[in-house]
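Worksheet for the structure shown next.
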2 protein chains.
Amino acid sequence: MPNASSTPDAAPASPRAATLHDVARSAGVSLITASRALGNPDLVSEKTIAKVRQAVEATGYIPNLLAGGLKSRRSMTVAALVPAISVAQFLPTVQTLTETLAAAGYQLILGQSGYDHAREEALVNTLASRRPDGIVFAGLVHSPKAREQLRRLGTPVVEIWDLSERPVDMMVGFSHLKVGAAVAGYFLAKGWQQVGIATGDDQRASVRREGFLSVIGREVPTVVVPAPSSLALGRRALGELLQKSPGVRAIYCSSDQLAQGVLTEAAVRGLRVPQDLAVCGFGDADFAAHMAPSLTTVQVDGPAIGRQAAELLLARCRGETPAQPVIDVGFCIVERESTGGA
Amino acid sequence: MPNASSTPDAAPASPRAATLHDVARSAGVSLITASRALGNPDLVSEKTIAKVRQAVEATGYIPNLLAGGLKSRRSMTVAALVPAISVAQFLPTVQTLTETLAAAGYQLILGQSGYDHAREEALVNTLASRRPDGIVFAGLVHSPKAREQLRRLGTPVVEIWDLSERPVDMMVGFSHLKVGAAVAGYFLAKGWQQVGIATGDDQRASVRREGFLSVIGREVPTVVVPAPSSLALGRRALGELLQKSPGVRAIYCSSDQLAQGVLTEAAVRGLRVPQDLAVCGFGDADFAAHMAPSLTTVQVDGPAIGRQAAELLLARCRGETPAQPVIDVGFCIVERESTGGA
DNA sequence: CTGTTAGCGCATTCAC
DNA sequence: GTGAATGCGCTAACAG
């Protein structure tokens, strides 16, 4: 053991972090020249830049973006609000969002909104106090007061993973109503009349259910489970659905996690998929294509949503006005073994 | 359609956001009194507070934490670095971390480190430029230069999900070496000699493998798959493992996702679990307990890691010196059906 | 190409 | 209890 665990090796510890002032002095130039050498190199001679670079090394200078942002009014941050970080659904989107923004020098501030509309207002305030250059909202902003606040801020806002007639500002998503309708149409085309639904109790899942019902044309046996949905809840849901409707032939699940649970429970009960029971999920999670049987599901391009949301924001930050402030990324049904596909 | 999609309803749009100055004027008090009424109400009379509160409402004032932090040297942010947001492993930890910090008024800034040690340095710089009040690092900081930089910053740092003899500052984690050893011991106790490993190619998984080997006392057939691991990779891994070692009796997987794939592939091949093949995962993901057969796995208390990391940081921010800067949260093997458990 | 001057919005000294 | 001055670290205007 080369070192006691509580005593880190030599740590000179900064009495005070170096400022741009220190760099300028060390380089023998003025403060603003140092600033430009780092931020606007085009305006400074090669030689000066080299001197400043050296001074940065020597002093161990790390810029203070808080101070810079105060004057320039650009914090170089974007705030993102998701219902909960552990909702797997949004992960690829958040990942791509983070990467695309990072490539442009922007950092993500993460907030959890819960599924509680009442908290939206407080959250908007909390985030706004960081003066982000953009705000990404997973889902629609429902609270009228929050919507009003967001507009007053003048900060670019992108609502994602949904569409509506009244965006706060910009939008990248798809129609959940159409998703439900499409799945119902797909079931009917297969000739399955005895259909059922296993759904999480969140807003968007409910809209998908509505779309489903609108095509079926009547109520259908439904089991609602609390968010976040999971394999365990899917197993329970199938059990309850079979009680309500023993002859159910095809089930639409509001997430692939639920669908995975339904398939698991079906296997345990000796139901053959798709001969006895067909199942369709939502989200095309990474496991969907590789389960046995593989899972038919609604595929949404999560990374594309993240990338396009980032690009809309970045365009706005550059002062541009995007031609298309509302983008429908669409969706498609990927047919696999759980509904008799390849 | 009550409103064209590109024309949001009435938006007065702020010419400039209200500042504390505006609030003070509107309330008929001085700037500093307004500041205190909001931040240190104890120092101000009830009546004044009421006036200021009203002025805040009237002006729509939202504090600018960037400006406040510049002077007070507290940004009220914590930076968190994870290899990738989509690594399910860290999600419960990040979630709890976010919540615990939010409850104390701190916001999380999220960064992705990738699995690339070379990038650590650049990342530390990027983060440090936001002047966070604390930094959470998923995994150990390996690059010596990054370690040195972190120390110089003087910012509290917590390395999580691992333990070592030489923390940069504080630590909350467990021994991956011991995890591997424990699983190997468990397999041997069951009498399984023909063992194999399916592992992701990340640092911590490799250490667990080392621990496993140290107890087994010899090399064992191993399949390494690229991170991030998934069900699909688990299926492939079992195929390859069966080629290398047709008689393999028990497999240790570096994640539950991989294990799920191994179980799927085993079912497809008609292998009975646990009679023909036993499987142990790592992480106790939410699905592990509910699969059929249920998955034996190594359970780690992810939320506890997040909570304790947050508390260490918050204590430091209050100026306290935690008695225990290195916390071992331990782990345990949860025996389920995939190894013959209940 | 470089420098001087003035703040960004707030909180920390001090005074009263 | 309240207030006036001062500056956190940096950058946007203008000048030279």
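So that the names make sense, note that chain A is the first sequence line, chain B the second, and so on, each numbered from 1.
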Length of the line joining Leu70(B):CG and dC10(C):P, which is rounded to integer Å = 12 Å
So what does the secondary structure string of DNA chain D come out as, 5' to 3', with Watson-Crick or wobble pairs under 3.5 angstrom, [ ] for crossing and | for pairs with another strand?
-> ||||||||||||||||
In whole angstrom, give the distance that lies between atom CZ of Arg130(B) and atom P of dG9(D).
-> 18 Å
N-O pairing of Arg53(A) and Glu57(A) below 4.0 Å | no
Take atom CD in Glu46(A); do more than 12 heavy atoms of anything else shown fall under 6.0 Å from it?
-> no
His142(A) NE2: over 12 foreign heavy atoms closer than 6.0 Å | yes
Between dC1(C) atom P and Ile49(A) atom CD1, what is the distance in whole Å?
-> 9 Å
Consider only side-chain N and O atoms of Gln107(B) and Thr77(B), and report whether a donor and an acceptor are under 3.5 Å apart.
-> no
Are the charged groups of Asp133(B) and Arg316(B) less than 4.0 angstrom apart, N to O?
-> no
Taking Glu120(A) for its side chain and Ser143(A) for its backbone only, find out whether a donor-acceptor pair lies under 3.5 Å.
-> yes
Roughly, in whole Å, what's the span from CG in Leu66(A) to P in dA11(C)?
-> 13 Å
Nucleotide dA11(C), atom P - distance to CE of Met76(B) in whole Å | 11 Å
Round to the nearest Å and state the distance from Arg73(B) atom CZ to dG7(D) atom P.
-> 14 Å
N/O-N/O pairs, protein side and nucleotides 10-14 of chain D side, under 3.5 Å:
{"residue": "dC10(D)", "atom": "OP1", "partner": "Tyr61(A)", "partner atom": "OH", "Å": "2.5"}
{"residue": "dC10(D)", "atom": "OP1", "partner": "Asn64(A)", "partner atom": "N", "Å": "3.4"}
{"residue": "dC10(D)", "atom": "OP2", "partner": "Leu20(A)", "partner atom": "N", "Å": "2.4"}
{"residue": "dT11(D)", "atom": "OP2", "partner": "Ser35(A)", "partner atom": "OG", "Å": "2.7"}

Atom NZ of Lys51(A) to atom P of dC1(C): distance rounded to whole Å?
-> 14 Å
Assess the side chains of Glu121(A) and Gln149(A): does a donor N or O sit below 3.5 Å from an acceptor N or O?
-> no
Closest heavy-atom pair, Ser75(B) versus Arg130(A), reported as atoms and distance to 0.1 Å, is O-NH1, 2.7 Å
Counting just side-chain N and O atoms, does Thr33(B) come under 4.0 Å of either OP1 or OP2 of dG1(D)?
-> no
For atom CZ of Arg307(A), is the number of surrounding heavy atoms from other residues, nucleotides or ligands below 6.0 Å larger than 12?
-> yes
